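Computed from a predicted structure; not experimentally measured.
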Amino acid sequence: MAGQDLRPSGTVRVTTTDTLLLGLLSPIFRMLRQSYPDITLEVAVSNQLFSLAKREADVAIRPSLAPPETLVGRRIGTIAQAIYTRRNELSPNATSTEGTSAHDWIGPDERLAYRALETWMTDQGHDARCHYRVDTLLGMQAAVRDGIGRAALPCYLGDADETLTRVGEPIPKLATDLWLLTHPDLRRVARIRALLDFVANKVNAKGARLLGDT
């Protein structure tokens with residue numbers, strides 16, 4: 001019966017992270033509501049992946065290097081990450097990552113389950129100077145803003161914060177694909193299809209921002 005729904009109307013429950021919602025998706029959702037006033041959005045913000053198979057959500061918008069094979073969707077961008085520090089603490093000659101090991105660092109708490117960043121920090125020797133950990137990227141951003149230390153952050157988040165300065169180029173090992181996912185049974189439902197296409201087009205238009213090119 002769900003497949004018989006031909007009108008882009010009804011409720012769509014979307015799960016995403018707090019960072020993506022505040023740094024990228026909220027304005028897109030506003031435009032979606034304007035374009036499809038008959039679609040009601042429910043946004044579940046969590047750093048844990050909701051089960052689409054159990055219908056805890058209809059659509060997931062999440063960074064992932066290997067999304068579940070049981071879901072269908074598309075890669076809608078690549079999220080670049082770089083090192084950021086508080087703007088007034090960057091010396092005139094600190095235009096690269098040289099000497100970053102001499103600074104205090106902010107890292108992810110284990111509940112954030114950010115293995116790629118943990119591994120990179122360990123490999124670079126930054127873990128030894130990490131005395132402040134947070135279980136959200138927004139918390140890490142706030143810590144950089146308050147001068148607690150440096151951190152690797154998504155470029156779309158760090159570049160938009162006027163209180164921060166990027167140190168060096170994006171870090172290739174921390175680049176992550178951004179996926180738009182749904183359950184196979186829902187992909188032809190009009191309201192789901194409308195949301196998927198709309199969000200994909202808007203995020204694609206922000207590709208340079210995701211890559212840290214702006």
Residue set satisfying salt bridge (Lys or Arg N to Asp or Glu O under 4.0 Å) with Arg187, at least two apart, ordered chain then number -> none

Only residue of Asp197, Asn204, Thr182 satisfying side-chain hydrogen bond (donor to acceptor under 3.5 Å, both in side chains) with Arg74 is Asp197

> Is there a side-chain contact (heavy atoms from CB on, under 4.5 Å) between Val189 and Val12 once you walk through the steps?
Replying inline: CA-CA 10 Å; Val189 176; Val12 180; over 6 Å; no

side-chain contact (heavy atoms from CB on, under 4.5 Å) test vs Leu210 passes for just one of Thr176, Thr78, Ile76, Ile79, namely Ile79

Checking Val199, Leu181, Leu196 against Val59 for side-chain contact (heavy atoms from CB on, under 4.5 Å), the one that qualifies is Leu196

* To do: Check the pair Asp161, Arg145 against side-chain contact (heavy atoms from CB on, under 4.5 Å), reporting the backbone distance first and the verdict last.
  => CA-CA 9 Å; Asp161 190 333; Arg145 186 187 303 129; 3.0 Å; yes

Note to self: Apply side-chain contact (heavy atoms from CB on, under 4.5 Å) to residues Thr11 and Glu42 and explain how you reach the verdict.
What the structure shows: CA-CA 7 Å; Thr11 299; Glu42 294 181 354; 3.6 Å; yes

| query | Are Arg13 and Asp58 within salt-bridge range, i.e. N to O under 4.0 Å? | reply | no

Practice problem: Would you sort out whether Leu117 and Trp120 count as a side-chain contact (heavy atoms from CB on, under 4.5 Å), showing the intermediate values? | Solution: CA-CA 5 Å; Leu117 180 54; Trp120 177 81; 4.0 Å; yes

Heavy-atom check, side chain of [X] versus side chain of [Y], under 4.5 Å:
{"X": "Leu71", "Y": "Trp179", "answer": "no"}
{"X": "Gln81", "Y": "Pro170", "answer": "no"}
{"X": "Leu112", "Y": "Leu137", "answer": "yes"}
{"X": "Leu178", "Y": "Leu20", "answer": "yes"}

Sequence neighbours excluded, the answer for side-chain contact (heavy atoms from CB on, under 4.5 Å) partners of Gln34 is Arg30, Met31

Quick one, Arg62 with Thr15, criterion side chain to side chain donor-acceptor pair (under 3.5 Å). Give me CA distance, side-chain angles, the key distance, then yes/no. CA-CA 8 Å; Arg62 291 193 170 273; Thr15 176; 3.1 Å; yes

Please report the interatomic distance [atom1]([X]) to [atom2]([Y]), rounded to the nearest 0.5 Å.
{"X": "Ile83", "Y": "Leu174", "atom1": "CD1", "atom2": "CG", "result": "9.0 Å"}
{"X": "Asn201", "Y": "Lys206", "atom1": "CG", "atom2": "NZ", "result": "13.0 Å"}
{"X": "Ile61", "Y": "Leu21", "atom1": "CD1", "atom2": "CG", "result": "9.0 Å"}
{"X": "Thr19", "Y": "Leu153", "atom1": "OG1", "atom2": "CG", "result": "9.0 Å"}
{"X": "Leu164", "Y": "Arg86", "atom1": "CG", "atom2": "CZ", "result": "10.0 Å"}
{"X": "Asp146", "Y": "Tyr132", "atom1": "CG", "atom2": "OH", "result": "7.5 Å"}

The residue among Arg129, Arg150, Arg133 that forms salt bridge (Lys or Arg N to Asp or Glu O under 4.0 Å) with Asp104 is Arg129

| When hydrophobic residues are tied together by side-chain contacts of less than 4.5 Å, even through go-betweens, does Leu186 share a cluster with Val72? | no

- Query: Angle class for the Phe198/Tyr36 ring planes (parallel below 30°, perpendicular above 60°, tilted otherwise)?
  - Reply: perpendicular

